[in-house]
There are 2 protein chains.
Amino acid sequence: MEQNKIPQATAKRLPLYYRFLNNLQMQGKTRVSSKELSEAVKVDSATIRRDFSYFGALGKKGYGYNVEYLLGFFRKTLDQDELTDVALIGVGNLGTAFLNYNFTKNNNTKIVLAFDADPNKAGKEIGGVPVYHIDDLEEKLGNVKVAILTIPATEADRITERLVSKGIKGILNFTPARISVPDDVRVHHIDLAIELQALVYFLKHYPLDTKEEVL
Amino acid sequence: MEQNKIPQATAKRLPLYYRFLNNLQMQGKTRVSSKELSEAVKVDSATIRRDFSYFGALGKKGYGYNVEYLLGFFRKTLDQDELTDVALIGVGNLGTAFLNYNFTKNNNTKIVLAFDADPNKAGKEIGGVPVYHIDDLEEKLGNVKVAILTIPATEADRITERLVSKGIKGILNFTPARISVPDDVRVHHIDLAIELQALVYFLKHYPLDTKEEVL
DNA sequence: AATAAGTCGTGATATTTTTCACATATTCAC
DNA sequence: GTGAATATGTGAAAAATATCACGACTTATT
């Protein structure tokens with residue numbers, strides 16, 4: 001669609017900016033500088049200015065950015081007005097965490113239904129979201145295009161295939177399995193075990209320079 | 001410590017390689033090529049060869065890599081032999097997911113204790129891990145250097161401060177808050193809401209080229 | 001033994017992302 | 001108004017990452 005020239009690294013930071021701008025507005029702040037923003041979201045201020053600049057000149061020299069204006073701009077850019085329906089597959093602890101999380105607040109996504117293989121969970125409602133049995137996936141899924149996968153790794157391939165053949169185009173995969181999908185389906189992996197291992201590896205092998213701790 | 005020349009991007013992929021090599025060995029495979037590995041972990045084969053090459057010549061031309069040898073090498077490199085103790089702060093749904101996750105399998109980290117503000121949870125044991133009241137943090141934490149933060153965002157700053165002053169050096173932060181820490185403390189953010197929003201943004205703005213779906 | 005097929009390791013190149021640094025514009029204090 | 005302080009937007013440079021492409025070596029086959 002539109003301007004495909006925004007770097008992916010920038011795109012990944014947009015929701016973060018958006019959320020923080022919302023906070024600022026709720027605090028009643030009307031202006032903000034890239035420096036302030038930088039301290040809050042822990043991204044270099046030059047990077048923030050560069051990110052914003054891909055969308056044109058949104059700020060004013062010597063002044064900074066108008067919170068309301070910037071927020072309005074990002075609302076449109078991030079399609080914050082239209083709500084994207086999401087399906088959750090696997091209502092274990094992790095899945096339940098998602099259901100109870102108030103996603104639609106400051107967010108353009110909404111989990112509208114969930115599935116689980118446990119018959120005891122089917123028919124219930126968690127966090128206001130109806131839970132169906134996984135056997136009814138094809139029947140109930142409807143036109144949802146995005147799915148969150150919080151199931152055991154052993155089920156990942158089978159369920160993914162079913163999701164894809166029902167027209168799912170985006171999958172947020174929390175299983176350790178590296179699932180295979182057609183080229184027109186996008187998968188983002190979040191691998192909790194690996195994140196923890198990577199953190200530990202960095203701690204041991206990449207000592208942070210303990211330069212005069214800021215007083 | 002040792003060779004600081006390994007790129008961060010490479011370091012982040014190491015646990016992934018390691019896990020897959022383990023799978024291979026359990027399947028009884030003795031050799032593997034970068035091409036096979038590539039298909040399994042969805043990383044370009046040249047990238048894999050480059051990643052490995054930072055550690056020296058681990059493979060053989062015309063043959064590939066010996067699974068056992070590679071695994072042994074990574075076991076040492078990833079300190080897979082020593083277990084790193086981890087504390088979990090916040091035993092909600094997400095926290096419970098971690099406690100029930102069998103981390104020590106194929107993993108060099110172990111959650112050894114957990115804390116929660118709910119007095120009903122204190123004193124219990126979940127997934128074999130004792131849960132204490134958050135008030136006892138300082139008393140019970142001991143020498144643990146890594147913490148997983150699965151608490152409400154509103155508590156993030158206060159708890160972080162307490163963790164840092166007790167000597168925590170690595171934090172895996174699942175709260176939306178961008179916490180501030182001294183320079184010698186490493187924080188990795190995993191922001192579930194943002195991951196979902198980013199996925200949706202990519203779906204809408206970065207259409208994947210539907211080139212002849214592989215038959 | 002010779003040939004074909006397979007595969008690594010890596011120099012070189014391309015791409016992506018971050019950062020520097022400064023001209024330019026705005027605001028604020030007086 | 002004037003000068004000092006503030007802050008953007010961006011050209012240019014640097015750094016980080018990914019990919020290409022091929023020489024060199026190994027294995028398998030006939």
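In what follows, chains are A, B, ... by sequence order, proteins preceding strands, each numbered from 1.
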Verify the contact: side-chain N or O of [X] to OP1 or OP2 of [N], cut-off strictly under 4.0 Å; return yes or no.
X: T47(B); N: dT19(D); value: yes
X: S34(A); N: dA7(D); value: no
X: R31(A); N: dT26(C); value: no

Taking [X] first and then [Y], would you say they form a salt bridge - that is, a charged N and a carboxylate O separated by under 4.0 Å?
X: D85(B); Y: K110(B); result: no
X: D191(A); Y: K12(B); result: no
X: E161(A); Y: R158(A); result: no

Pairwise side-chain contact, [X] with [Y], heavy-atom cut-off 4.5 Å (strictly under):
X: Y65(B); Y: S34(B); answer: yes
X: Y201(A); Y: N108(B); answer: no
X: V86(A); Y: V112(A); answer: no

Given axes from five pairs at either end, by how many degrees does the helix from dA1(C)-dT30(D) to dC30(C)-dG1(D) bend, rounded to 10°? 20°
Once you round it to whole Å, what is the distance between [atom2] of [N] and [atom1] of [X]?
X: N66(A); N: dT26(C); atom1: CG; atom2: C1'; answer: 14 Å
X: Q8(A); N: dA16(D); atom1: CD; atom2: C1'; answer: 16 Å
X: R49(A); N: dT18(C); atom1: CZ; atom2: P; answer: 14 Å
X: K35(B); N: dG6(C); atom1: NZ; atom2: P; answer: 8 Å
X: L37(B); N: dT7(C); atom1: CG; atom2: P; answer: 12 Å
X: R13(A); N: dT17(C); atom1: CZ; atom2: C1'; answer: 8 Å
X: K61(A); N: dA23(C); atom1: NZ; atom2: P; answer: 12 Å
X: D51(A); N: dT10(D); atom1: CG; atom2: P; answer: 13 Å

Which is more 5' along DNA chain D, the nucleotide nearest Y63(A) or the one nearest S53(A)? Just name the residue. Y63(A)
What does T10(A) touch in the nucleic acid at a heavy-atom separation under 4.0 angstrom: a base, only the sugar-phosphate, or nothing? nothing
Once you apply a heavy-atom cut-off of 4.0 Å, does Y65(A) come out as touching a base, just sugar-phosphate, or nothing? sugar-phosphate
Look at the side chain of K60(B) and decide which nucleotide, out of dC8(C), dA18(D), dT27(D), has an atom nearest to it. dT27(D)
On a plain distance test, is the side chain of R50(B) in donor-acceptor contact with the base of dT19(D) below 3.5 Å? yes
I'd like to know if the side chain of T10(B) pairs up with that of D51(B) as donor and acceptor (distance under 3.5 Å, no hydrogens or angles considered). yes
